[in-house]
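Let me begin by presenting the structure, written as structure tokens, before commenting on it.
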Amino acid sequence: MKKFTNARIYRQHDHASEILVDKGVITQIGTNLPEADEEIDLGGRLVVPPYVDAHLHLDYVYTARNEGATNTSGTLFEGIARWHDVKKTQTLEDARERALKGIEEEVSKGVQFIRTHIDVDDPKLTGLKAMLEIREQLRDNVTIQIVAFPQEGMYAYKGGDEMIEEALKMGADCVGGIPHFEWAREIGEKSVRRTVELAEKYGKLIDVHCDETDDVMSRFVELLNALVMIEGIGARTTASHTCSFGSVDNAYAYRMMGLFQKSGMNFTANPTENAYLQGRQDSYPKRRGLTRVKEMWENGINVCFGQDSINDPWYPVGNGNMMNILDNGIHLAQIMSFDELDRCLDLITYNGAKTLNVEDRYGIEVGKPANFLVLNANTPFEAVRQRADVLASIRNGEYLFKRPAPSYEIEIDLFRKTR
Ligand SMILES: [Zn+2]
């Protein structure tokens, strides 16, 4: 038995500061809990559930400098064209090595839950094979969900729909799609319908790259939402990106948000990547590339953040640091009231877990696995303001890592003399 004491527990409102862990599970939360074999004093620091990266591409990581990968226009569409060339040289060993490095980088920054899209527009399914193996190998330490994602289209890539079905049979967790990349609106719609059909047929979750464009006429989110609402699988569905929804007019947006509330569909935004990729054909003012995160959050629609890219043809400087993603996201979405700042860690924790449908084993609650982070801050506000480091990541009651606390309160000679 282990007891973590002197903790400030995120979302815990009754001042309980102790967490008792037995066999990897939280057995009690409170004060003056029974003694344990090992007691760990957390020094009043903030304890939060592990970070969730709800949208990442682990088959693309660290390919930004590969031959033929340079994306000179900085657009999504050139990124796709560049990846088309880069993936031809991908081997199983190379895919495996890069994905492991990407996961390690994320885990070292507090992520324990990752939903990764894997390109299945590949007759050999190289990336998928590597990822399925890694998912099982790392299962105890990091939870990975795999989306069967047709990067070059379900229909624009010949046989893409069949490759998705094959990937689902092999064990992918979610059905993906990219309707705004198909060659006509009708075909994009056909791909959304097929995504929902396949999810129903194989009992899988859905995560569609949806309307990742500045084109306000790209409204596949409307069809996706309607179809999953009819089937009653909104909570099992995610619309990723929905950048164009940030450009639609309010009359449309608010009608749709009413329908999103009803369906319970989840949304994932990727603030750094889309701020970089979108608005490329705008002069000034340039759009931010972000969907209506603030309004969704205010209206009780589940919305969370993802890193999307780590050093790939779409975005070179991703590093798996979800605190950085949150930092960018709250700026771009203008989420900054004190009340919002106290709660915005939800966007990289609880809301992501809801998107991944893992709430039954996520959160700091009795009966759940003892998975949590210790941040170098005493309150949620200070964690966000200081962009606090993760001092420890605990999985099933054991350290994945711990590191010494760097102090923000160094004494600078000049100020000591001036005082
Ligand atoms: Zn993506």
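Numbers here simply count residues along the sequence, with the first being 1. We count ligands from 1, going down the list as the structure has it; atoms in each ligand are counted the same way. Being a predicted model, the structure only gives us computed values, none of them experimental.
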Within the 6.0 Å centroid threshold, strictly below: F149 and H57: yes

Under 2.8 Å from the Zn ion (ligand 1) - protein N/O/S, by chain and number: H55 NE2, H57 NE2, H209 NE2, D308 OD1

Polar side chain donor-acceptor pair, N250 to R292, under 3.5 angstrom: yes

Y350: partners by ring-ring contact (aromatic ring centres under 6.0 Å, His included), with sequence neighbours left out: Y362

Residues in side chain to side chain contact (heavy atoms under 4.5 Å, CB included) contact with Y157, at least two apart in sequence or another chain: D121, P123, E152

Side chain to side chain contact (heavy atoms under 4.5 Å, CB included) partners for D173, two or more places apart: R135, Q145, I146

Verdict with supporting geometry, N274 and Q278, side-chain hydrogen bond (donor to acceptor under 3.5 Å, both in side chains): CA-CA 5 Å; N274 284 128; Q278 306 310 130; 3.1 Å; yes

